[in-house]
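Everything below concerns the one structure shown next.
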There are 2 protein chains.
Amino acid sequence: MRESESGGRRPYHHGDLHRALVDAARALLEAEGPGALSMRAVARGAGVSPAAPYHHFKDKDELMGAVAHEGWLMLDAALARARDEAPAGRGRITALGVAYVCFAIDHPALYRVMYDHARDQESLPDQLHEPEQGAFATVRRTLVEVGGDPDARIELELATAAAWCAAHGLAEMAGFKQFDHLKDALGGEKPFLRAVFDQMGLFPRMSGR
Amino acid sequence: MRESESGGRRPYHHGDLHRALVDAARALLEAEGPGALSMRAVARGAGVSPAAPYHHFKDKDELMGAVAHEGWLMLDAALARARDEAPAGRGRITALGVAYVCFAIDHPALYRVMYDHARDQESLPDQLHEPEQGAFATVRRTLVEVGGDPDARIELELATAAAWCAAHGLAEMAGFKQFDHLKDALGGEKPFLRAVFDQMGLFPRMSGR
DNA sequence: TTCCTAATTTAAGCACTGTTCAGATTTGCC
DNA sequence: GGCAAATCTGAACAGTGCTTAAATTAGGAA
């Protein structure tokens, strides 16, 4: 299924059409937006017939799931990086929130595919709960640092949920024209995002804080 | 264009196909979900040929806009009602938030059409800014009651934006499986919603509070 | 009434979509 | 070499958004 020696000719038409399809989909998404993401266009992009993808993905939804999966991986990484780069202290959760929204702004089409898929599944993907790199773990850890009680599980879950919802809500609307004058008044996009997050107060409000 | 006397036969095939189409679209949306909402299916539902709708709506997008418009009207009304019914005091903004999310939960397909359209326009519709019944006005008024300074325009806008984003984020994710155990632990959906909103603190945090 | 114009509806068609299926091709393995 | 499984193609089906030309209808003017 894959060349075992160096210099091997490619084993079949593509060797790894699965990957080629996901890559083609991502490229199309970035270049033309979510509307252009058709099964046939992806096949075309990978240089293959319209029926070929169906040997690697049960349906369009499954291909979208694969694309979304890579998006969530990127988001996981972006949040982890933001956490590492931000100085410890209260500003750290805000920094996480800003990083989240910036990811959505930088990859609008991908972000849309990610949540379209999540809404269809009525669930965020499991990978977000990975204990090491998962975004939920990153948020939870940061919330604990900032005043959360690590033993108050429910409260911590609640604070994580609240922070995630806040970030998603802002991510979807940050580009809306309604907020242009606020961005101007506050001196740009990032100050605006920080101001909104400060308004919302992502900090945990726990019984025994 | 419309019968002027009582007992008049209908003036043409439909008399008001515009309305009939929007109604058919809403019915289809409720019955089969957003995926089933095709131009042709709507035409079919209104008992008319596939080309007929194009004399009343430039495009599918415009039809969706009309459906979305009615959704926003309903949301305006739901928020105004929630405000009237909730006792004055701090709980009122939370009540607004809960009403917002409940609307989204009660009309998931419609809510999706509303925001799909908004994302395409990169803007929420203008009607939300109606000074009397508009939802923004309702939220802003409630924020002032609860401690906002009516003269601090920017801060008030910021608090409104934060509350709206919070509500939208929660609305889109409240149905996700991730939160099931939180709903159980807190005793149901509404207590969960209230708890999340309390976590987020929708109350205005203003300089001169 | 009759005639004309403008609005409305239809039928047919184009290019596209997701998906399936039968047949061809290639692969790794015995 | 031969075989079964995996992979790819070509053709097809039903459905989509939308356009165009022709038919129908309505309301007003003569």
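Lettering follows sequence order; numbering is per chain, from 1.
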request  = Answer yes or no: side-chain N or O of A:R40 and base N or O of C:dG18 forming a donor-acceptor pair under 3.5 Å.
outcome  = yes
ask   = Can B:R140 and B:E157 be counted as an ion pair, charged N to O under 4.0 angstrom?
value = yes
note = Here the distance between atom P of C:dT17 and atom CG of A:D59, to the nearest Å, is 17 Å
message = In this structure, how many angstroms lie between the C1' atom of C:dT8 and the CG atom of B:L21, rounded?
response = 12 Å
remark   = When rounded to whole Å, the NZ to C1' distance for the pair A:K58 and D:dT7 reads 20 Å
inquiry  = For B:D126, is the CG atom crowded, meaning more than 12 foreign heavy atoms sit under 6.0 Å from it?
reply    = no
query = To the nearest angstrom, how far is A:F57 atom CZ from C:dT20 atom P?
reply = 15 Å
message = From the set C:dT9, D:dT9, D:dC18, return the single nucleotide nearest to any side-chain atom of B:K60.
response = D:dC18
ask   = Which of these nucleotides, D:dC8, C:dT8, C:dT17, is closest to any side-chain atom of B:H56?
value = C:dT8
Any N/O donor-acceptor pair, B:H55 side-chain to C:dT8 base, under 3.5 Å = no
message = What is the separation between atom CE on A:M64 and atom P on C:dT17, rounded to the nearest whole Å?
response = 12 Å
Minimum heavy-atom distance B:A135-B:L79, with the two atoms named = CB-CD1, 3.7 Å
message = Tell me the interatomic distance from A:L37, atom CG, to C:dC16, atom C1', rounded to whole angstroms.
response = 15 Å
message = As a test of understanding, state which of B:Y100, B:F136, B:Y115, B:Y111 forms a ring pair (Phe, Tyr, Trp, His ring centres under 6.0 Å) with B:W72.
response = B:Y115
ask   = Just wondering, are more than 12 heavy atoms of other shown residues or ligands nearer than 6.0 Å to CZ in B:R153?
value = no
inquiry  = Pick the closest DNA chain D nucleotide for B:A51 and for A:A52 by heavy atoms, then say which residue is nearer the 5' end.
reply    = A:A52
task = Send over the distance from B:R44 CZ to D:dG17 C1', rounded to a whole Å.
result = 13 Å
request  = Select base, sugar-phosphate, or nothing to describe what A:S38 touches, counting heavy atoms under 4.0 Å on all strands.
outcome  = sugar-phosphate
query = OH of B:Y54 versus C1' of D:dA22: gap in Å, rounded?
reply = 19 Å
